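In this text, all values refer to a predicted model and were calculated from it rather than measured experimentally.
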Amino acid sequence: MKRQWSLILAIIFALIIAIFAVINVEAVEVDYLFGKAEWPLILIILGSVFMGGFMVASTGVVRIISLNRKLKALEKENKKLHEEISTLAEKANENQAVDHGDTKLQTDQA
């Protein structure tokens, strides 16, 4: 359900941007560091939206990659700890078996 609402909001946002861009079609002057140019305002608006979307998506991808690395490290640590627990449990079982054997021998001798 959350994904559907996200999609609906994205479509509404895209429609608002498209309407805003279509209304503003006159040419505007854009100053660059190395010069000036005239561009239709619709291209400036759409270019800004796409650049903003790209920046947000890039940030999201970097965060996902970071979280995946952290997840793999934690899974590796979890596996190591489970192996350590298994080893300790086996040792405890061996020690318990040895203790029971000693108790049995002491009762037999008495």
Legend entry - Connected via hydrophobic side-chain network under 4.5 Å: Val25 and Trp39: no
Inset, instruction - Report the residues that fulfil side-chain hydrogen bond (donor to acceptor under 3.5 Å, both in side chains) with Asp31, sequence neighbours left out, ordered by chain and then residue number. - result: none
Inset, instruction - Would you give the length of the straight line joining atom CG of Leu88 to atom CG of Asn95, rounded to the nearest 0.5 angstrom? - result: 10.5 Å
Inset, instruction - Please check if Val28 and Ile23 belong to a single hydrophobic cluster, counting links between Ile, Leu, Val, Met, Phe, Trp and Tyr side chain heavy atoms closer than 4.5 Å. - result: no
Inset, instruction - Give, for atom CG of Leu7 and atom CD1 of Ile11, the distance between the pair rounded to the nearest 0.5 Å. - result: 4.0 Å
Inset, instruction - Give a yes or no on whether Ile44 and Phe34 share a hydrophobic cluster (residues Ile, Leu, Val, Met, Phe, Trp, Tyr; joining criterion: side-chain heavy atoms under 4.5 Å apart). - result: yes
Legend entry - Same cluster (ILVMFWY, side-chain, under 4.5 Å), Leu9 and Val49: no
Inset, instruction - Examine Phe50 and Val30 and state if one hydrophobic cluster contains both, with Ile, Leu, Val, Met, Phe, Trp and Tyr joined whenever side-chain heavy atoms are less than 4.5 Å apart. - result: yes
Under 3.5 Å, which donor-acceptor pairs do the side chains of residues 53-78 form with other protein atoms, sequence neighbours left out?
unit_1: Ser58; atom_1: OG; unit_2: Phe54; atom_2: O; d: 2.8
unit_1: Thr59; atom_1: OG1; unit_2: Met55; atom_2: O; d: 2.9
unit_1: Asn78; atom_1: OD1; unit_2: His82; atom_2: NE2; d: 3.2

Inset, instruction - Could you name each residue pair satisfying salt bridge (Lys or Arg N to Asp or Glu O under 4.0 Å) that touches residues 33-42, not counting sequence neighbours? - result: Glu29-Lys36
Legend entry - Within-4.5 Å side-chain heavy-atom neighbours: Ile42 and Asn24: no
